[in-house]
Amino acid sequence: MGEGPVASGSRRRIVTPGRSAIGGLVLALVLLPLVGGQYAQYVAIQVLILSLFALGFNILFGYTGLLSFGQAGFYAVGAYGCAKLLLLTPSLLFGVVGGTLLAGAAALVLGVLCIRHTRIYFSMLTLAFGMMIFSMALKWRDFTGGDDGLVGIPRAPLEIPGLVSISMASMGRYYYFVLAVSLVAIAIAYRLVHSPLGLTFQGIRDSEGRMAFTGVSVRTYRLIAFVIAGLYAGLAGALLPALENTVTPPVAHWTTSADPVLATLLGGIQAFAGPIVGAFLFFMIKDIIVRFTEYWLIWLGIIVVVLVMGFRGGVVSLATARWRALRPGREGA
Amino acid sequence: MTEYLLETKGLRKTFGRLAAVAGVSLGISEGTLAAIIGPNGAGKTTLINLLTGLLTPDTGTVRFKGEDITRVPSHGRVRRGLSRSFQIMNIFPNLAVRQNLLLPALSRRGRNLHAVARLEDETGANADAEELLREIGLWDHRDARAGALSHGDQRLLELGIAVGTRPELCFLDEPCAGMNPIERQTVLGLMRKLSSQRRTTFVIVEHDMDVVFSLAERIVVMNHGEVLADGTPAEIRENRVVRETYLGAEV
Amino acid sequence: METLAFQGVVGLSMAMYLWLISAGLTIIFGVLGVINFAHGSLFMLGAYLAFTFYGLLGWNFWLAILLSLAGTAVVGWAMERFFLRYLYGVDEAYQLLLTFGFILILDDAVKMIWGGVFRIPDIPAFLEGHWSVFGRPFPVYNAFIIAAGIVVGIVLWLGFERTWWGRTVRATASDREMANAIGVNVPRVFSGVFMLGAMLAALGGALGTPVRVVSPGLGAAMIIQAFVITVIGGLGNLKGAFVGSLIVGVLSAYGTLLFPVFELALIYLIMAVVLLVRPQGLFAR
Amino acid sequence: MKRCASVVGVFLLVVFVAFVAPGPALAACQLGVPVVKVGAQGAASGAHADYGRQINMGASMAVEEINAKGGILGCKVELKFMDEELKPATAVKNTRYLVTEWGAHYLVGVDSSGSSMAIGPVLPELKRPYFFTHAATHRLTEELVAEKGIKEIVRVSVPVYQDGILAALIFKDMPDIKRWANIGADYEYGYTSWNLFKETLKKYRPDVEFVAAAWAPFHTLDFSAHISAVMAAKPDAIFSTPWAGEAVMLLRQAQIQGVFDQIKLWWQAMGGSVDVLEGIAPAVIGDKFKGKLWATARYIHNWPDSAENKAFVERFQKRWSRLPNYSAETTYSAVMIGKAAIEKAKSLDSAKIVDALKGMQINTPAGLRVFRAEDHQFVYNVPAGRVVMDPKYPIPVLGELRVMPVKDYYRWPPFTPVAATK
């Protein structure tokens with residue numbers, strides 16, 4: 001048994017196991033550039049980006065009950081939008097905010113159409129729109145550079161005109177920028193799902209009909225969830241061009257839409273942290289497998305099958321269950 | 001002339017060739033406890049679906065508090081003071097019991113859109129939910145997952161959600177189906193209490209004639225999508241047509 | 001004028017390839033309620049098996065096709081019996097995810113067995129050459145594909161409408177519990193239908209392989225097209241899948257000729273419009 | 001709180017194990033490193049997987065041969081190959097991994113032009129020379145090196161010039177071919193090749209017409225519609241740029257559609273690639289193309305007729321039981337060029353290695369390769385010819401070889417922009 005304070009009914013306890021674990025993780029992430037090399041920072045950025053992507057997806061899927069297969073479309077709008085803005089004026093903040101808002105706008109327009117359906121029809125509709133965005137990225141050469149994409153995107157400095165200008169040239173600097181943005185975005189998402197709005201989403205997931213009869217316009221709230229997911233996808237995408245210096249059509253392909261789905265299911269859809277943990281595992285699994293074998297697809301596939309067959313709750317709920325089992329008497333305080 | 005709380009004129013809904021509701025004109029006054037009865041397939045549930053906005057009528061109008069709400073969607077009707085429960089159980093199975101009741105309370109207070117407030121800081125809505133929890137007798141189960149409740153408790157919970165928006169008019173589709181006598185008494189007690197304290201008008205669809213005749217102040221009998229008879233329990237008991245076509249068989 | 005007419009015939013042959021793959025997908029959805037992401041991979045597997053028996057070992061063309069169908073059916077059976085069967089009660093998302101996992105596994109498995117090289121066998125001698133259609137040469141093989149597509153369509157229609165087995169399957173599709181109650185062995189019907197779907201995919205692959213290269217990754221390329229068609233025709237609707245194939249096949253043939261820029265986006269646009277206006281598909285009752 | 005501490009501890013441990021490079025270096029060779037590391041990548045999954053495999057085979061063989069002869073300045077050489085998936089993002093990630101994590105000293109490979117354009121701008125940050133061995137876009141060397149001055153980019157393989165310009169120079173001498181149609185790959189490679197071809201041919205032959213063009217994107221499975229669309233314009237010859245499996249499929253579908261009865265000539269860019277030749281071998285044996293199929297590649301195993309090339313092909317066949325594809329040869333040569341440059345520079349420093357390339361003329365299986373300082377392009381000659389069978393090889397080769405002077409079909413600085421649109 002731990003030596004922490006005896007569990008009480010108070011929910012205002014300052015130090016809880018959950019909070020200290022989170023604190024530890026954040027500290028580890030902040031210290032990462034000191035212990036890990038450039039590649040570690042690069043991978044950490046990728047994981048953070050996928051986390052944001054999956055987190056937004058899960059607000060739509062895990063919380064509102066809508067499985068989208070077209071999130072890559074908004075991811076791509078964020079990426080291409082940010083890239084275009086960075087090529088226009090080299091200001092990181094302008095690019096990232098602009099790309100995110102563009103994706104949100106796209107989600108609003110397409111969302112009005114998509115939220116008319118639920119279940120498999122919703123999935124198919126989002127797939128269709130996502131692939132339309134992919135086709136545009138591929139075919140609208142004058143704007144998107146076609147198959148070859150946009151190249152030579154600068155990692156512009158973080159600029160607030162008249163106030164401050166921080167160069168982002170080094171990977172470490174950009175890592176801290178992405179980390180800060182991600183932590184803020186994750187905190188906002190956490191607040192959101194534990195707010196009345198979040199509970200409304202969950203009500204819609206559980207029973208649409210019942211929700212309508214509490215006086216809520218289900219379609220409006222589905223649209224809100226869709227736009228939020230679109231904004232997170234857009235933000236994730238908008239962090240990409242400055243990292244890679246390139247944006248190409250595969251970011252919009254349906255196989256990219258599968259990434260947040262896999263990450264979320266890996267981590268667990270019921271837990272808030274599921275998509276984040278899932279993104280970490282998904283990335284690390286792939287990154288480690290590709291070092292050892294050319295046949296990484298089959299291993300990824302086997303992991304997917306095993307997870308689906310045996311661990312549908314995802315890693316996070318599995319861990320929580322173990323935790324509870326280890327500490328009897330500390331739940332339901 | 002009497003001012004009805006809810007009034008329908010010539011309401012009609014057909015599915016293919018079948019007229020589920022074939023021209024119903026009804027008026028429901030404030031504060032009554034009314035029941036709709038009739039054999040299976042008489043069109044009772046379709047009528048309620050038309051009144052609560054789940055279906056749109058082919059012809060006819062629905063007026064609520066003098067306003068034409070024929071084309072108003074369900075959630076809009078709820079905001080105007082109308083609510084319902086479902087024949088097939090309809091709760092939020094993955095949420096805690098308390099959260100089930102928090103949702104209608106938040107909605108009534110227009111708090112759904114609040115994206116940064118903590119749930120526990122919604123004091124007004126929480127107080128409403130806790131009051132309801134006690135009233136429906138699920139206080140002890142407040143932190144349980146709703147889907148894990150017993151059948152009777154789930155029906156109670158659904159009733160709680162339905163009245164959680166504090167409706168002026170509430171439709172209950174077979175509220176006592178599958179309940180044990182104690183649970184049934186909770187339901188009936190709650191209805192009587194809300195009816196007298198908040199002047200909530202209840203319209204129930206029910207097969208259990210004991211419930212109907214012990215509770216209802218007014219009974220509407222439907223058959224083949226039409227209103228067969230409409231009156232006080234005493235009048236219905238005396239109605240020859242009703243006795244022949246319906247009550248004769250069951251009572 | 002001849003050019004337009006001929007392009008239509010070319011589109012017809014393209015449509016029949018599409019029909020062969022979307023038929024199985026839509027049947028599986030109609031009965032099991034599962035969107036099988038791995039359907040394209042079964043198509044690929046069928047093509048590889050046909051290539052091996054026919055192109056590599058030089059066996060009889062028809063025998064090779066039969067063996068390829070049988071082999072793919074066994075794989076399909078295993079997928080249903082040992083994996084999918086345990087997921088009918090849970091959220092559809094997990095079924096999709098499982099079949100997505102199969103895509104990954106099958107893609108690498110064929111690469112391990114047949115190598116990364118693309119494979120193409122010869123066209124059987126009796127199907128070589130071309131006929132004159134609207135004054136232009138039209139391959140005998142494509143005419144054969146058109147015929148095969150129509151035959152498959154008729155056989156499936158007869159099978160579902162006129163046989164006891166077909167009625168059982170349709171009853172199961174419309175109401176599982178009811179079918180179970182009247183003594184239908186529902187799990188066996190599901191297995192059978194999944195195997196049928198797998199065999200149809202394999203047939204598409206086997207018939208396609210002499211004119212279309214087979215290589216790893218073919219499944220992922222095929223599956224989205226098949227989705228588009230099944231959605232246009234109505235998920236689970238066999239007749240719809242046939243007409244949907246015709247629409248997509250003929251349209252993309254004319255698209256290549258007349259408005260090449262929009263060809264790719266066009267089919268997704270049609271899919272989206274159909275979903276918005278008639279989500280049950282163009283040909284649902 | 002112990003448990004929380006252990007959670008954090010485990011996390012940190014994972015980070016350490018995954019990222020922190022093991023052990024101190026033991027100086028064992030003249031360059032002061034334990035081994036010289038060569039990073040390679042190519043498409044190893046999906047429809048173009050054979051190209052990646054050939055890159056891997058070429059690089060592996062080069063490394064084995066170098067090690068057998070004592071390494072580079074006494075240092076053992078180690079190779080790591082990764083799958084670029086034809087996705088630029090993956091290619092960049094691999095490059096970063098290979099350099100900053102695995103510790104590659106120089107890099108070779110990459111199939112996709114998109115991937116090469118994505119890798120290029122990252123190289124100054126990573127400070128490692130990258131020898132590109134397949135990606136063909138002229139923009140890699142013309143824009144990124146000549147214009148923007150990214151010195152780490154070096155290209156060992158011939159770029160897109162050959163696909164368009166070389167073809168025009170050959171076919172200008174065929175007076176009876178007047179009407180050309182195009183079945184093109186629907187991306188930059190296809191557009192540039194066709195535009196260079198048209199531009200060059202028009203200069204010599206004002207009388208030719210370009211009568212039709214159909215474009216096929218990646219993953220096209222049925223070219224029937226493209227074929228019939230261009231055949232409606234009754235061309236004398238077809239210019240075609242889909243490659244790999246798509247080329248085989250296109251040729252098979254054209255053949256059964258009777259195209260070779262109607263046209264006089266078919267030009268298949270990259271048709272001399274080993275995988276394509278293997279795929280069309282039965283058709284060539286059966287004379288299905290009626291001798292009308294012409295092709296080239298960035299290297300072909302039956303040319304040049306030198307002792308060095310013959311020995312290379314023999315060793316390769318012995319080692320891998322396949323004939324070397326151009327991507328195998330270019331990657332093999334790239335590893336060897338890297339070795340030569342390091343030996344000359346006596347250093348693993350990127351700038352010094354690139355410096356050592358200046359003025360380099362090196363004999364490779366494909367013949368003499370000459371380094372062009374302006375754009376870091378190795379210039380060498382590759383012929384084009386008719387696809388024929390040769391009893392010496394199990395698969396077709398290029399016959400009736402036309403060898404053009406490189407000064408004619410390479411583009412030379414100062415570069416003018418090429419129209420990269422349809």
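Just so it is clear, the model here is predicted, and its values are computed rather than measured. Here is the naming used below: chain letters follow the sequence lines, and residue numbers restart at 1 for every chain.
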| message | I'd like to know which of B:Ala105, B:Gly76, B:Ser107, B:Ser74 tops the heavy-atom pair count under 4.5 Å against chain A. | response | B:Ser107
| request: Count the heavy atoms belonging to other residues, nucleotides or ligands that lie under 6.0 Å from OH of A:Tyr121, then report whether that count exceeds 12. | output: yes
| Per-residue contact mode, B:Pro93 against chain A (heavy atom under 4.5 angstrom) | both
| message | Let's test your reading of the structure: which of B:Leu119, B:Leu54, B:Asn112, B:Asn90 forms the most heavy-atom pairs below 4.5 Å with chain A? | response | B:Asn112
| said: Measuring from atom CZ of B:Arg79 to atom OG1 of A:Thr214, what distance do you get when rounded to the nearest 0.5 angstrom? | reply: 9.0 Å
| task | Starting at CZ of A:Phe213, measure out to CD1 of B:Ile161 and round the result to the nearest 0.5 Å. | result | 13.0 Å
| So what's closer than 4.5 Å to chain A heavy atoms on B:Gln99: side chain, backbone, both or neither? | both
| Most heavy-atom pairs under 4.5 angstrom with chain A, which of B:Arg80, B:Arg77, B:Arg84? | B:Arg84
| query | Measuring heavy-atom distances to chain B, does A:Tyr221 have an atom under 4.5 Å in its side chain, in its backbone, in both, or in neither? | reply | side chain
| message | For the interface with chain B, which of A:Val216, A:Leu192, A:Ile188 has the highest count of heavy-atom pairs at distances below 4.5 Å? | response | A:Val216
| note | Among B:Pro104, B:Ala162, B:Ala115, the residue with the most heavy-atom pairs under 4.5 Å to chain A is B:Ala115
| task | For A:Pro196 and B:Ala117, work out which heavy atoms get closest and say how close. | result | CD-O, 3.4 Å
| query | Mind checking whether A:Leu197 and B:Leu113 have side chains closer than 4.5 Å, heavy atoms only? | reply | yes
| Atom pair CZ (A:Arg210) and CG (B:Leu103), whose distance is rounded to the nearest 0.5 Å | 10.5 Å
| remark: Here the gap from B:Leu95 atom CG to A:Arg205 atom CZ, rounded to the nearest 0.5 Å, amounts to 6.0 Å
| said: Does atom CZ (A:Arg119) have a neighbourhood of more than 12 heavy atoms from anything else shown, all under 6.0 Å? | reply: no
| task | Pick one of side chain, backbone, both or neither for A:Ile224, based on which atoms fall under 4.5 Å of a heavy atom in chain B. | result | side chain
| remark: Honestly, the part of B:Leu106 sitting under 4.5 Å from a heavy atom of chain A is side chain
| query | Hey, what do you get for NE2 (B:His75) to OG (A:Ser217), rounding to the nearest 0.5 Å? | reply | 3.5 Å
| Straight-line distance of B:Arg111 CZ to A:Thr200 OG1, nearest 0.5 Å | 11.0 Å
| At a heavy-atom separation under 4.5 Å, does B:Asp143 approach chain A through its side chain, its backbone, both, or neither? | neither
| task | Measure distances from B:Ile91 to the heavy atoms of chain A and classify the residue's part below 4.5 Å as side chain, backbone, both or neither. | result | backbone
| Who wins among B:Asn94, B:Thr52, B:Asn100, B:Thr165 for the most heavy-atom pairs under 4.5 Å with chain A? | B:Asn94
